[in-house]
Amino acid sequence: MAIALANISESGEAPQARVKDAKSLFKIYEEVAKADSNAAHNRAQVRLLRNGEPPFDQEKREEAGVGWMSNFNSGTAAADLEQAQTGYVGLANAVPTLIEVRTKYGDPAKRKGWCGIIAEQFDWLMKRRWRSFDTNKQKTTLGFISNGLSVVYWPHDVDWRYEVGQLGQFLFPKDADVDVSKLEIAFQVESFAPSKLFKQLKHQEKISANGDSTDINRDAMISAIRDANAEGNSSGWGMTELEAAFAGNDLGQDCGFSQQVKVVHAYVKEFSEKVSHYMIRADGKGEDFLSVRREAFPCMSKFMVFYSDGVGEGKLADLRGFLQKGFESYIAADEVLNGMRDSAMLSLKPLMKGNNTALGSEMSAETTISAFVIPPPGVTFEPMPISAGNAELALAFRAEMQRLGANNTGGYQSHAVSPEGGERTLGEVQLQAQNNAQISDAKYGNYYQSEGQVNDNTFFRIISPRYTSADPGYSERMEFFE
């Protein structure tokens, strides 16, 4: 899709900024979001499957009078996802340290020891001191295994601690390349508590005062907060009133600021290769940017890193995650399993029909003794045959769906019994679990390449001379140097 960013003029001059105004930027965002609508639907279906949504629409079944029929999610998709995550999470602990350091500084005989100490300190800072490390690793693997892509990014201009975003939170043009360095524009949708948005405004004003090229539109920011909380008692407030209110009331509940403010971040690569950061309202209202930080990041690859489940044909739109690839197989297998359960339950409850045509009110004379029902005189019953279906065919079909799912998802399966239903020994189960957690060489290479980029970016942020004591993450950073 064509993105309406400013380009080099016919005279060969590059524009200082590739975004004209807030309205044109919002129009680009709308086009990108619209192009993502089908993919967003697929991601929602995958999320429901992962979270235990049954295969059939229960409301429709109730309307059709068959609400009694089985309708459950076997949990196979969630189990396989967890098994797949195990393989990736283990990679972080498969190496002695997260980074390998080399230096040309000082005595050559001492360099190896120094480099080892630096690498160990980095490892300690990330794994032991930073509480979000393990959580972020799990969020990263969950995203790209489920939907094909996770985005690790550094929202702060200095802070070394990264965050993890998913598709849907981040939106990209449909023809965007999997190589992040080729990315021209990216959008991030975020909802702020009013107090958090206010704090961000104050932070950006602070770094702007320190020489950062940040343009804050105070009126637009305040208007966004007020519009989201129009029913509050603060419609006429300005910056001074907001500052006083939020100073002692972080959530803003008592001041009528309880509604989230939805904003869109736009990260645009300029012709200098540096990345500018724009903020606009997600509802499209307002004529101005909420804020503009021109050339906020050195380049796209220093701001964000992609973790992808393969590279497809080289475009982000081609990426499919673990659960997306096996979605139809999981659903079909669960549908068959539900049908098999219904057949089995019916077979345990044989139906009978009365052969006396003049039952009438005589059934009221039946007698119940303990668990036995004694029909009245003259009433007899004969069994009704029940078709339980072809059990062997159902089992074979389900096994085939599981096999297709295994092929489509890279071989991650975690069944406690074989497809034929036979029990296995503890050793066989452990061996299968070990084999299932293996990762193909291609996926292994993709993952470690992304890991290397994240660790490099994090390390160089930690040792950046731009860090000041007022910046977030400073105290933990100083422990790295001790």
Side-chain angles (χ1 to χ4, degrees), residues 16-18 98-106 114-115 117-133 136 151-165 180-181 183 186 188 190 196-216 265-279 289-306 450-482:
Q16 289 186 343
R18 301 190 68 190
L98 293 173
I99 61 171
E100 182 178 324
V101 180
R102 294 186 179 92
T103 182
K104 295 181 179 180
Y105 173 81
W114 291 340
C115 291
I117 292 173
I118 295 172
E120 289 174 0
Q121 281 294 98
F122 181 83
D123 208 66
W124 171 83
L125 177 64
M126 298 295 286
K127 293 182 179 179
R128 301 289 182 266
R129 188 66 179 85
W130 187 26
R131 295 181 179 179
S132 298
F133 178 79
N136 279 341
V151 181
V152 168
Y153 66 104
W154 290 262
H156 194 276
D157 55 324
V158 176
D159 194 356
W160 55 272
R161 298 168 302 181
Y162 58 80
E163 296 185 16
V164 180
V180 72
S181 66
L183 194 63
Q188 178 192 6
E190 186 173 13
K196 183 179 178 182
L197 182 61
F198 182 80
K199 287 179 179 179
Q200 175 146 331
L201 183 155
K202 297 296 290 182
H203 169 72
Q204 291 190 351
E205 286 185 332
K206 175 184 174 183
I207 61 178
S208 179
N210 292 334
D212 186 45
S213 56
T214 303
D215 181 15
I216 308 295
H265 303 269
Y267 305 98
V268 181
K269 182 167 70 173
E270 308 290 359
F271 283 104
S272 64
E273 293 293 323
K274 294 183 178 181
V275 178
S276 295
H277 175 204
Y278 300 84
M279 285 178 62
F289 298 110
L290 298 178
S291 72
V292 179
R293 294 173 57 204
R294 301 197 186 281
E295 299 189 338
F297 303 98
C299 61
M300 275 291 185
S301 60
K302 298 298 182 184
F303 164 65
M304 67 168 65
V305 174
F306 289 159
S450 299
E451 280 283 279
Q453 293 172 354
V454 168
N455 290 332
D456 283 351
N457 287 357
T458 303
F459 179 79
F460 285 110
R461 279 174 167 259
I462 290 172
I463 65 174
S464 171
R466 295 181 57 202
Y467 237 115
T468 69
S469 58
D471 290 318
Y474 178 80
S475 60
E476 295 93 334
R477 169 186 181 266
M478 292 310 297
E479 292 180 30
F480 169 81
F481 292 101
E482 294 177 355

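Residue numbers start at 1 and run along the sequence shown. Scope of the values below: all heavy atoms of this structure, side chains included, with no hydrogens, waters or symmetry mates.
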Counting neighbours of CZ on Phe481 that are heavy atoms of other residues, nucleotides or ligands and sit closer than 6.0 Å, is the number greater than 12? yes

Interatomic distance, [X] atom [atom1] to [Y] atom [atom2] [nearest 0.5 angstrom]:
{"X": "Lys274", "Y": "Glu295", "atom1": "NZ", "atom2": "CD", "value": "5.0 Å"}
{"X": "Asp456", "Y": "Glu451", "atom1": "CG", "atom2": "CD", "value": "11.0 Å"}
{"X": "Ser291", "Y": "Met279", "atom1": "OG", "atom2": "CE", "value": "5.0 Å"}
{"X": "Met304", "Y": "Asn457", "atom1": "CE", "atom2": "CG", "value": "11.5 Å"}
{"X": "Arg477", "Y": "Ser464", "atom1": "CZ", "atom2": "OG", "value": "7.0 Å"}
{"X": "Met478", "Y": "Ile462", "atom1": "CE", "atom2": "CD1", "value": "12.0 Å"}

With sequence neighbours excluded, residues passing salt bridge (charged side-chain N to carboxylate O under 4.0 Å, His left out) with Glu270: none

Can you list everything that forms a salt bridge (charged side-chain N to carboxylate O under 4.0 Å, His left out) with Glu479? Sequence neighbours excluded, please. Arg129

Would a distance-only check, ignoring hydrogens and angles, find a side-chain to backbone donor-acceptor pair under 3.5 Å from Trp160 to Gly473? yes

Using a 3.5 Å distance criterion without hydrogens, assess whether the side chain of Tyr278 forms a donor-acceptor pair with backbone atoms of Leu290. no

Note: Ala119 and Ile99 closest approach over all heavy atoms is CB-O, 3.5 Å

According to side-chain hydrogen bond (donor to acceptor under 3.5 Å, both in side chains), who are the partners of [X], at least two apart in sequence or on a separate chain?
{"X": "Arg461", "answer": "none"}
{"X": "Glu100", "answer": "Arg102"}
{"X": "Ser132", "answer": "none"}
{"X": "Gln121", "answer": "none"}

Residue pair Met300, Ser181: steps toward the side-chain contact (heavy atoms from CB on, under 4.5 Å) verdict: CA-CA 6 Å; Met300 275 291 185; Ser181 66; 5.8 Å; no

Would you say that Leu183 contacts Lys269 through its side chain, given a criterion of any heavy-atom pair below 4.5 Å between the two side chains? no

Would you say the side chain of Pro472 lies within less than 4.5 Å of the side chain of Arg161, judging by non-hydrogen atoms? yes

Residues in side chain to side chain contact (heavy atoms under 4.5 Å, CB included) contact with [X], at least two apart in sequence or another chain:
{"X": "Thr468", "result": "Ala470, Asp471"}
{"X": "Phe271", "result": "Asn7, Ile8, Ala14, Pro15, Arg18"}
{"X": "Asp123", "result": "Thr97, Leu98, Lys127"}

Going by the rule ring-ring contact (aromatic ring centres under 6.0 Å, His included), which residues pair with [X] if we only count those two or more places apart in sequence or in a different chain?
{"X": "Phe480", "value": "none"}
{"X": "Trp154", "value": "Tyr162"}
{"X": "Phe303", "value": "Tyr267, Phe297"}

After noting the C-alpha distance and the side-chain angles of Arg466 and Asp157, does the key distance pass the side-chain contact (heavy atoms from CB on, under 4.5 Å) rule? CA-CA 10 Å; Arg466 295 181 57 202; Asp157 55 324; 3.4 Å; yes

Between Val164 and Tyr153, does the side-chain contact (heavy atoms from CB on, under 4.5 Å) criterion hold? Intermediate values first, please. CA-CA 6 Å; Val164 180; Tyr153 66 104; 5.9 Å; no

Under the side-chain contact (heavy atoms from CB on, under 4.5 Å) rule, what do Phe122 and Val101 come out as? Steps first, then yes or no, please. CA-CA 10 Å; Phe122 181 83; Val101 180; over 6 Å; no

